Protein chains: 2
Amino acid sequence: MSTWFAKKRSRSDVPRLKPRGQQQSIHKVDLGDLTPKLLPYLGQAAYLQLEAFEALSRAMASAPTLEAKAGLAVSAGLALTKHAGLTAEILRHHGDPITVMQPFAPAIRRFSEVISGGDWYELLLSSYLTDGLLNDFFIQLAPGLPGETGKRVVAILQQDSGTTPITSAIESGIRADSRLASSLALWGRRLVGDTLLVARSALALSGNVASDELRIEPAFTELIAAHTRRMDALGLSA
Amino acid sequence: MSTWFAKKRSRSDVPRLKPRGQQQSIHKVDLGDLTPKLLPYLGQAAYLQLEAFEALSRAMASAPTLEAKAGLAVSAGLALTKHAGLTAEILRHHGDPITVMQPFAPAIRRFSEVISGGDWYELLLSSYLTDGLLNDFFIQLAPGLPGETGKRVVAILQQDSGTTPITSAIESGIRADSRLASSLALWGRRLVGDTLLVARSALALSGNVASDELRIEPAFTELIAAHTRRMDALGLSA
């Protein structure tokens, strides 16, 4: 793993990003200074939700029980609701959703394949963890969006993600076979690197590596901490 | 094909079903007299929408362009909205959605496999035609539901099905390769028998075959006519 997401909490010289204007930071750290232009931001976020929807609907199709199937359908629908909200925001800013999403499709498509996993539980865990991390990440970037758009985007991204059917299915899988916990713990650790690379690819970096790293680091440390809490809550030691 | 969906428009002795009480028939013919009990009706209709959602999300996952993918995601979401509306209706009538849907899952699952088709276009055509026919069918049955439920269910089923992305994709496929039209015409004809069997399985029949056929026939003739119109509109001679 590269150093940009290594944990270095003890450092005291990490610059604190200043809130810009009226914007409120939802998280302790925001990445507002590194926010890309509005339409690329929306395009990438919208395409990620489309892929999240696709992954959840695939998980739904192979669900072993009708209860899991119906629950995952709801989760998939909520990803689609976020996608629709972001698409509406693209239209509001006079963008064409397809044109705006298109540049991000190949890389995110490859990412989806990498994280799709070898079985149903890995697919579920991927959906849950990557959606959680990338949601947090796009919320960190939102204060850098112009005008009221940031607030509206945060409202979209903070909508219910319907994670209960996903975590319930994982938990009951682990109860039925305790070996699942160790393989999923490994899988969850593998995911984080690829997911942070997707996040990093969204940033409008200055090109000055040292300065960029200083800005990214506290935010990514927070993303990893939240990822670890999600793993812990599932009983997966990260 | 059995005689119950053969076209016999020339017969003049077909009994007209009387409207019951205040209920309004949406179609010229309704099947209100053969409506099953409320919860089984809702369970079967809700499970069909879940399968429709699954088929559309599968079609979305294998869409050749981002435009088709994003369009089919919307169509899938609209099937899910109908599913959610019907599930809410089950809860309103103190049913457990899973328990109420479960009895219909195996047969509808098999039906979905039969109609899933050999390629993307067959899958799309199946989604479009079977959803159209079964939607009409459940609307025909709705006048037989108690109280105001029938009206609410009709309102759910008459919501937009988002068919434009589906028919656009089929039409552009046919424009690109005219041979597709003849293979899809064949596929559309094959579908109708299996789809009408699903519909028939939902009916509360008396067991008196002759009398049942007399009641079913005009409604099924109408379903087939609407199916034929959908085929015609796509340039597929039925």
Side-chain angles (χ1 to χ4, degrees), chain A residues 43-44 46-88 90-91 95-109 112-113 116 123 160 162 165 168, chain B residues 43-44 46-88 90-91 95-109 112-113 116 123 160 162 165 168:
Chain A
Q44 186 165 21
Y47 190 79
L48 277 165
Q49 291 297 335
L50 193 60
E51 284 286 334
F53 167 66
E54 187 176 323
L56 286 168
S57 61
R58 205 162 63 241
M60 178 205 76
S62 52
T65 66
L66 179 51
E67 190 169 4
K69 190 189 191 80
L72 291 170
V74 173
S75 309
L78 291 168
L80 198 58
T81 301
K82 291 187 185 182
H83 168 73
L86 294 164
T87 298
I90 292 171
L91 292 168
D96 169 57
I98 303 300
T99 310
V100 170
M101 288 190 289
Q102 194 82 66
F104 303 101
I108 297 175
R109 194 88 214 120
S112 294
E113 280 160 22
S116 70
L123 176 58
D160 180 18
S168 300
Chain B
Q44 186 165 22
Y47 190 79
L48 278 165
Q49 291 298 336
L50 194 60
E51 285 285 336
F53 166 66
E54 186 176 323
L56 286 168
S57 60
R58 205 161 63 239
M60 178 207 74
S62 51
T65 66
L66 179 52
E67 188 169 5
K69 190 188 192 78
L72 290 171
V74 173
S75 309
L78 291 168
L80 198 57
T81 301
K82 291 188 184 182
H83 168 72
L86 294 165
T87 298
I90 292 171
L91 291 168
D96 169 56
I98 304 300
T99 310
V100 169
M101 289 191 289
Q102 194 81 67
F104 303 101
I108 297 174
R109 195 86 214 121
S112 292
E113 280 160 21
S116 69
L123 176 58
D160 180 19
S168 300

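What you see is a predicted model; the values in this text were computed from it and never measured. In what follows, every heavy atom counts, from backbone to side chain, and hydrogens, waters and symmetry copies are set aside.
- Heavy-atom pairs under 4.5 Å with chain B peak, among Ala84(A), Ala61(A), Pro97(A), Gly77(A), at Ala61(A).
- When every heavy atom of Met101(A) is checked against every heavy atom of Leu66(B), the shortest pair comes out as CB-CD2, 3.9 Å.
- Between Val74(A) and Thr87(B) there is no side-chain heavy-atom pair separated by less than 4.5 Å.
- At a 4.5 Å heavy-atom cutoff, the contact between Leu80(A) and chain B is made by side-chain atoms alone.
- Taking every heavy atom of both residues into account, Ile98(A) and Glu67(B) meet most closely at CD1-CA, 3.6 Å.
- Note that NZ of Lys69(B) is 10.0 Å distant from CZ of Phe53(A), once rounded to the nearest 0.5 Å.
- With respect to chain B, the highest number of heavy-atom pairs below 4.5 Å among Glu51(A), Arg109(A), Arg58(A) belongs to Arg109(A).
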